[in-house]
2 protein chains.
Amino acid sequence: MFEEICPSTLLPLRVGGDKWAGLVLRCLEDGPRRYSELRVPLARVSPKMLTQSLRALERDGFVRRTEYAAPVRRVMYELTDLGRSLLEPLRAFCDWAEDHWDELLDARES
Amino acid sequence: MFEEICPSTLLPLRVGGDKWAGLVLRCLEDGPRRYSELRVPLARVSPKMLTQSLRALERDGFVRRTEYAAPVRRVMYELTDLGRSLLEPLRAFCDWAEDHWDELLDARES
DNA sequence: CACCACGGTATCCAATCGGTAACCACGCCC
DNA sequence: GGGCGTGGTTACCGATTGGATACCGTGGTG
């Protein structure tokens with residue numbers, strides 16, 4: 001997931017000045033995820049960077065972090081309304097990238 | 001221009017991995033501009049960075065650079081069709097940022 | 001000839017980014 | 001009580017970014 005398909009590879013798009021924030025947001029679009037669940041699709045992201053991105057997203061109000069102590073330790077990350085609203089322009093970008101994939105590749109080659 | 005208004009200040013959005021590329025594109029949306037004309041609205045961007053952004057945008061096919069030798073040396077930068085098409089999602093982001101300005105500020109404060 | 005505008009380059013340097021790897025506290029479960 | 005899973009943190013370090021500043025070649029122009 002996200003190896004080749006995302007615009008980040010061909011047209012690096014950074015939201016919040018953070019290399020991975022955009023991908024994290026997209027990983028959360030289908031509902032809350034735990035830290036370890038996020039690590040699966042974002043295998044290329046080091047734990048340090050994932051934490052850093054999540055903290056930044058939390059600080060800026062895009063993501064809500066909820067900690068449950070029992071029965072097992074669980075931490076849930078989910079989009080806030082603000083975060084969900086950001087998905088719209090983000091998807092616009094991704095759609096654009098898909099539509100212009102060939103042109104991007106052509107331009108890059110020459 | 002672009003001092004406080006652009007999302008780059010509050011929600012850094014980098015297109016092409018480049019800090020200023022987004023602003024450069026927006027400066028070109030109303031037609032061709034010369035290097036020195038771009039320097040005016042982008043006063044905060046050092047010449048080095050501006051050149052770097054323009055070169056990257058040219059390499060990726062978003063901007064066309066045309067050089068005229070006579071009568072005075074002039075270099076025009078203008079958007080290609082690809083570049084113009086990128087303005088759409090870019091504007092979506094800017095509109096989003098304007099709409100959620102207050103929420104962004106609120107989240108940042110707390 | 002001297003000077004100026006234009007469109008950049010060159011150099012230096014500090015700060016940031018991001019990857020690797022190791023470590024850690026807590027609680028459960030065998 | 002020893003190991004494991006969870007959700008991280010810490011230290012270290014090289015690479016990249018980007019800001020400031022000075023400089024430069026070319027071609028008009030007075």
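Below, read A as the first sequence line, B as the second, and so on, with proteins coming before strands; counting in each chain starts at 1. These figures come from a predicted structure and were not determined experimentally. Because only heavy atoms are used, hydrogens play no part in the values below, and waters and symmetry mates are left out as well, while side chains stay in.
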Mind checking what makes side-chain contact (heavy atoms from CB on, under 4.5 Å) contact with B:E88, not counting sequence neighbours?
-> none

Give the rounded distance in Å between these two atoms: CZ of B:R55 and C1' of C:dT9.
-> 10 Å

Can you tell me the distance, in whole Å, between the CZ atom of B:R34 and the P atom of C:dA5?
-> 13 Å

Residues joined to B:Y68 in its hydrophobic cluster, side chain to side chain under 4.5 Å directly or through other members, sorted by chain and number, are B:M76

With sequence neighbours left out, write down each residue that passes side-chain contact (heavy atoms from CB on, under 4.5 Å) with A:R55, or none if nothing qualifies.
-> A:T51, A:E58, A:R65, A:Y77

Whole-Å distance separating the CE atom of B:M76 from the P atom of C:dC6 = 13 Å

Mind checking A:Y68 for me? I need base, sugar-phosphate or nothing, with any heavy atom below 4.0 Å counting as a touch.
-> nothing

Going by chain and number, the hydrophobic cluster around A:V40 (ILVMFWY, side chain to side chain under 4.5 Å) further includes none

Where chain B begins and ends its contact with DNA chain D, read 5' to 3' at 4.0 Å from heavy atoms | D:dG18 to D:dG28

Figure out the CZ/C1' separation between B:R74 and C:dG7, and round it to whole Å.
-> 13 Å

Using a cut-off of under 3.5 Å, enumerate the N/O to N/O pairs linking the protein to nucleotides 23-30 of chain C.
none

Within less than 4.0 Å of OP1 or OP2 of C:dG8, is there a side-chain N or O belonging to B:R65?
-> yes

Is any side-chain N of the basic residue among B:R74 and B:E67 closer than 4.0 Å to the acidic one's carboxylate O?
-> no

Do any N or O atoms of the protein come closer than 3.5 Å to N or O atoms of nucleotides 11-18 of chain C, and which pairs are they?
from	atom 1	to	atom 2	distance (Å)
C:dG18	OP1	A:R14	NH1	3.0
C:dG18	N7	A:K48	NZ	3.2

Qualifying residues under side-chain contact (heavy atoms from CB on, under 4.5 Å), relative to B:S46, sequence neighbours excluded | B:K48, B:M49

Please name the pair of heavy atoms, one in B:K19 and one in B:R14, separated by the smallest distance, quoted to 0.1 Å.
-> CA-CG, 4.0 Å

Residues which pass salt bridge (charged side-chain N to carboxylate O under 4.0 Å, His left out) with A:R64, listed by chain and number, not counting sequence neighbours = A:E78

For A:R33, enumerate each residue passing the side-chain contact (heavy atoms from CB on, under 4.5 Å) test, keeping only those at least two apart in sequence or located in another chain.
-> A:L28, A:D30, A:E37, A:L38

Quick one: sort the B:W96 and B:H100 rings into parallel, tilted or perpendicular, breaks at 30° and 60°.
-> parallel

Looking only at heavy atoms, the pair that brings A:S53 and A:A21 closest together is OG-N, 4.1 Å

Taking five pairs at each end, how big is the angle between the two axes of the helix from C:dC1-D:dG30 to C:dC30-D:dG1, to 10°?
-> 10°

Considering residues at least two apart in sequence or located in another chain, which fulfil the salt bridge (charged side-chain N to carboxylate O under 4.0 Å, His left out) criterion with A:D81?
-> A:R84

Quick one: closest heavy-atom pair of A:L57 and A:V24, and the distance?
-> CD1-CG1, 3.7 Å

